[in-house]
Asks: 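Structure incoming, see below.
Computed from a prediction, not measured in an experiment: that's the story for all the values here.
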Protein chains: 2
Amino acid sequence: MATRSDTTLAERKRQLVAEELRNAALMLLATRGFDAVTVDDIVAIAGMSRRTFFRYFASKEDVVVRFLADMGADVVTELAARPKNEAPSVALRHAIWRPLSGCADQPDHAERSRIVVRLILDTPALHARWLERQIQWRSGLAAELAARHDLDPSTDPYPQMAAGMAMLALDAILQQWRPGDDEHRLAELTDRAFAVVAPALDAGADKRRAVGRAPDLLLAP
Amino acid sequence: MATRSDTTLAERKRQLVAEELRNAALMLLATRGFDAVTVDDIVAIAGMSRRTFFRYFASKEDVVVRFLADMGADVVTELAARPKNEAPSVALRHAIWRPLSGCADQPDHAERSRIVVRLILDTPALHARWLERQIQWRSGLAAELAARHDLDPSTDPYPQMAAGMAMLALDAILQQWRPGDDEHRLAELTDRAFAVVAPALDAGADKRRAVGRAPDLLLAP
DNA sequence: CACTACTTGACACTGAGTGCCATCGATAGC
DNA sequence: GCTATCGATGGCACTCAGTGTCAAGTAGTG
């Protein structure tokens, strides 16, 4: 039996080590830039061996991306918790907002997150891994959306694309996140981003949606 | 002065070498899988040195991704060529369709392309690079869209997100591309994917679009 | 104390990617 | 016809990411 809820002593020790490594990594990467830092540099600061680093993180990119990766699970669970009759644009907007509000409430934690976001968006290698993560979330969101609206995800492109539009909104928000932005400003960015995709999100969720009215189809009707 | 248009002899020789390397690479990668093939394997088949490979391709991923990368430029130029008053959903649909129809007209070339697409979508490392490329196209498309509709891309999230939606559609199309699909089937997939995002594409392009009607905003009006 | 499970560090190894230099072949100028 | 030059190539050595393996240390448990 575990001593407390589900975190054993060993578990907490592991998290401590991981956090130590992450702190050292983020500090170096944010100041010197991604390519100018080697794993040896990181473990030298953290006072551990190179091998230990790779026991905790799958790659150098992983340290950075995982810092924001927990967001993904939050988004999916938040979407699942939204009322079933809610419009997709509203449910997804609140789902995306969940981790953002979590970032924004403590200013120091928010600033740290913002710096990591900038590092990711400005470093091609990190950006690629970040998008890879997003795809996993997208699949989770798509499955949830398909269930909510009783759609077949293997034939209907709506769930995947709706989830993708939520990710586009997230990207747009993070892209415009400026230093010193408070929670109010982030909420404003979120509302604006979702205003763009909302028409598609809400038009497509309905099974009896009107197709074929589109002009100039590649396939003549 | 060049002997013919803009391709010198040396230029054509370079392209020939690149094609030889690409053929060897694609053949091996498609049969054995991405991780099971080393660059040494590739150059052994192509009969060249390891060093030469990296003079033509920036990375192992690059060989595969560049095979489809020329699509990007086509899409942007096609969008620029569409009539200025055309609805965004129509213009973008035809822009995306351009490289797809180019793929689909010769069955053998189409099948080769389809296999490469599957390899990319099924290999995480390749998928990440593929998305990295898409980001570049997205910026190009966004710039073109901003110009078409006289929007300021630094403040208005529409151009970037609209370009992103076009990429989502492209992803959905490629994801559903099955063996033996002819041009007609690809056109059908394209129409269906764009039917999903069209409402947002066409609602957002208009400067005087209605915002604030969205229910349950994060910011109370 | 002995046993077990887990973590760590050290070493060696593969493979990607880069810098450097010697060489070869084609072309231009004498 | 000879040579200087330029670009492409190959070979070599190097850095760095990432992995497998093994020995040692450090808990908890009987």
Asks: How about A/Val197 and A/Ser89: do any of their side-chain heavy atoms sit closer than 4.5 Å?
Replies: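 They are not in side-chain contact.
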
Asks: Show me the protein contacts with nucleotides 10-16 of chain D, counting only N or O atoms at under 3.5 Å.
Replies:
{"unit_1": "D/dG10", "atom_1": "OP2", "unit_2": "B/Ser49", "atom_2": "N", "d": "3.2"}
{"unit_1": "D/dG10", "atom_1": "OP2", "unit_2": "B/Ser49", "atom_2": "OG", "d": "3.1"}
{"unit_1": "D/dG10", "atom_1": "OP2", "unit_2": "B/Thr52", "atom_2": "OG1", "d": "2.3"}
{"unit_1": "D/dG10", "atom_1": "N7", "unit_2": "B/Arg55", "atom_2": "NH2", "d": "2.6"}
{"unit_1": "D/dG10", "atom_1": "O6", "unit_2": "B/Arg55", "atom_2": "NH2", "d": "3.1"}

Asks: Answer whether the closest heavy-atom distance between the side chains of A/Arg82 and A/Arg148 falls below 4.5 Å.
Replies: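 Yes, their side chains come closer than 4.5 Å.
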
Asks: How many Å lie between CG on A/Leu16 and C1' on C/dT7, as a whole number?
Replies: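 Atom-to-atom, A/Leu16 to C/dT7, this comes out as 14 Å.
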
Asks: Are the charged groups of A/Arg118 and A/Glu111 less than 4.0 angstrom apart, N to O?
Replies: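 Looking at A/Arg118 and A/Glu111, the cut-off is not met.
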
Asks: Verify the distance criterion only: is there a donor paired with an acceptor across the side chains of A/Asp171 and B/Gln160 at less than 3.5 Å?
Replies: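 Checked: A/Asp171/B/Gln160 side chains show no N/O donor-acceptor pair below 3.5 Å.
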
Asks: Could you tell me the separation between the CG atom of B/Asp62 and the C1' atom of C/dA16, rounded to a whole number of Å?
Replies: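 About 13 Å, once rounded to whole Å.
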
Asks: What integer distance in Å separates A/Leu29:CG from D/dA17:P?
Replies: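 Distance check: A/Leu29 CG to D/dA17 P gives 10 Å.
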
Asks: Identify whether any heavy atom of B/Tyr56 sits under 4.0 Å from a base atom; if not, whether one sits that close to sugar-phosphate; answer base, sugar-phosphate or nothing.
Replies: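 Contact class for B/Tyr56: sugar-phosphate only.
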
Asks: Given salt bridge (Lys or Arg N to Asp or Glu O under 4.0 Å), test A/Asp191 with A/Arg93 step by step and report yes or no.
Replies: CA-CA 8 Å; A/Asp191 283 340; A/Arg93 175 153 42 87; 3.5 Å; yes

Asks: Can you give me the bend angle of the helix from C/dC1-D/dG30 to C/dC30-D/dG1? Use the axis through the first five pairs and the one through the last five, nearest 10 degrees.
Replies: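 For the helix from C/dC1-D/dG30 to C/dC30-D/dG1, the axes at opposite ends meet at about 10°.
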
Asks: Rounded to whole angstrom units, what separation is found between the CZ atom of A/Phe53 and the P atom of D/dG18?
Replies: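 Between P of D/dG18 and CZ of A/Phe53: 8 Å.
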
Asks: Within this structure, what is the CD-to-C1' distance between B/Glu61 and C/dG17, rounded to whole angstrom?
Replies: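 Rounding to the nearest Å, CD of B/Glu61 and C1' of C/dG17 are 11 Å apart.
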
Asks: Any salt bridge between A/Glu11 and A/Arg14, counting N to O under 4.0 Å?
Replies: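 Here A/Glu11 does not pair with A/Arg14 in a salt bridge, since their nearest N and O are not under 4.0 Å apart.
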
Asks: Grab the CZ-C1' distance between B/Phe57 and C/dT18 for me, whole Å please.
Replies: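 After rounding, the gap between these two atoms is 18 Å.
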
Asks: Round to a whole Å and report the spacing from CZ of A/Phe54 to P of D/dG20.
Replies: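 Rounded to whole Å, this separation is 13 Å.
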
Asks: Given the rule in the salt bridge (Lys or Arg N to Asp or Glu O under 4.0 Å) test, do A/Asp62 and A/Arg129 qualify, once you have shown the distances and angles that lead to the verdict?
Replies: CA-CA 8 Å; A/Asp62 195 39; A/Arg129 300 286 181 159; over 6 Å; no

Asks: With the threshold set at 4.0 Å, does a side-chain nitrogen-carboxylate oxygen contact exist between A/Arg32 and A/Asp41?
Replies: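 Salt bridge between A/Arg32 and A/Asp41, a charged N being under 4.0 Å from a carboxylate O: yes.
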
Asks: Can you tell me the distance, in whole Å, between the CG atom of A/Leu21 and the C1' atom of C/dT7?
Replies: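 After rounding, the gap between these two atoms is 13 Å.
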
Asks: Identify, with sequence neighbours excluded, every residue that meets ring pair (Phe, Tyr, Trp, His ring centres under 6.0 Å) alongside B/Phe57.
Replies: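 Ring pair (Phe, Tyr, Trp, His ring centres under 6.0 Å) list for B/Phe57, sorted by chain: B/Phe53.
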
